[in-house]
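Written below as structure tokens is the structure these notes are about.
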2 protein chains.
Amino acid sequence: MASHIVHAYDAELAELDSLTSQMGGLAEALLRDASIAMQRRDPELAAKAVQSDKKIDDLERRLQDRAIQLIAKRQPMANDLRHIMTVLKIGSDLERIGDLAKNIAKRAQAIAGENHPKQLIAGMGHMSQLAARQLKDVLDALGAKDDAKAMAVWRADESLDALYNSVFRELLTFMMEDPRIIGLCTHLLFGAKNLERIGDHTTNIAENIHYLVTGRILTDDRPKQDDTASASAINGKN
Amino acid sequence: MASHIVHAYDAELAELDSLTSQMGGLAEALLRDASIAMQRRDPELAAKAVQSDKKIDDLERRLQDRAIQLIAKRQPMANDLRHIMTVLKIGSDLERIGDLAKNIAKRAQAIAGENHPKQLIAGMGHMSQLAARQLKDVLDALGAKDDAKAMAVWRADESLDALYNSVFRELLTFMMEDPRIIGLCTHLLFGAKNLERIGDHTTNIAENIHYLVTGRILTDDRPKQDDTASASAINGKN
């Protein structure tokens, strides 16, 4: 971006970045707490995670308000305007990631009292780790305005999708073998789906970093998508 | 809104409304086609629905581009700016509704070849009808700038949530009774969840209409939420 004559304007633009960065840090912590709560069946940690989502929502509202004030006051040129709109989009993806992680924490609360084999939850544990690493990497890329790192995250979403497809099929198999755990496995299915969607939002952020850094919109299709919606996941043939 | 001296500016604001209205019409048709395809196991209609989501995405990009151009060129005052940002939010909710309906269409394709009892899919059929009516009503409220109608939609989301909770529990029961249909029922579970989320986005639109018409942000909590994430949906006790 070109240097601005008005220093106060730079400070206002930097405040948007700072709010986004705070949202990112909170979303990362929320995802980690929700995942640990799910693995350790820890309802207190889950409750803490559910609560912390409110802070992310508040930050997003502040980000939107500040952005609108800045546009109204400074009347930025088209380039700066696109930059501001892109930061708003990143904020919106972080807010959605917070929502999805909160939903995982709620499911952790629901299954906390259940005594179930660890094997059931192992797949979701692997997904959580991968989703958390992706989110950390994309936030690092955002902080460092590092396009190469953002693009590495973008490409790696393929692994998370592949893992989701395998966890999905595994959970269906568990349910067929023991109908008594269908309720529990349904929570895990939706939890795994949430992690896959967190991956999608992380990828959106990577695309927006690419645009912020290079000024070019990424038009390539993503490497791969969740294919369980179109899979013939019927009668155990999957 | 106060009258504008520049008529071209009014025309540009009206174009944003027109793009949003086109998106709404397409989202409504897509949801209808996806639901009929699911009920009638019609893979051709499902494929048509999947395709039509692209048009909604294209319209949203045009809406965003036009909004940014308008802000850059006209440098609107804070009130108009908030109006434009609100229309962008409505566009974003319509785009998400299109995505969720497309996912239902994909699931309709996946289960099209299966011969399953009609009873299984009846609950999702009722949800589809209610979600479609809510979407139609909110689009009517948007076109007519009718706050009372928007608020009626906002309150009625409670019924869709209640119906979702009942369909969710019913599907779990079907799965426990016959593990061979677990794969199929999983598609229906995710499909029902998509309809519940379409209801949430419809409610967001109602809130934004309230803001557009009255200038006030709706701060009340929504009447009720999906409670299946926190329900102890374990071991068939639900």
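What you are looking at is a predicted structure, and each value in this text was computed from that prediction instead of being measured.
Neither the backbone nor the side chain of A:Asn194 comes within contact range of chain B; no heavy atoms are under 4.5 Å apart. Residue B:Asn79 does not touch chain A at all, counting heavy-atom pairs closer than 4.5 Å. Only the side chain of B:Leu88 comes within contact range of chain A, with at least one heavy atom under 4.5 Å from a heavy atom of that chain. Contacts between A:Arg96 and chain B at a heavy-atom distance below 4.5 Å involve the side chain alone, from C-beta outward. Using a 4.5 Å cut-off between heavy atoms, B:Lys89 contacts chain A through its side chain alone, with no backbone atom that close.
The residue among A:Gln69, A:Lys73, A:Met175, A:Met77 with the most heavy atom pairs within less than 4.5 Å of chain B is A:Met175.
Contact check for A:Arg82 versus B:Gln64: no side-chain heavy atoms found under the 4.5 Å cut-off.
B:Ile182 CD1 to A:Ile182 CD1: the interatomic distance, rounded to the nearest 0.5 Å, is 4.0 Å. Here the CG atom belonging to B:Leu172 is positioned 4.5 Å from the OG1 atom belonging to A:Thr186, to the nearest 0.5 angstrom.
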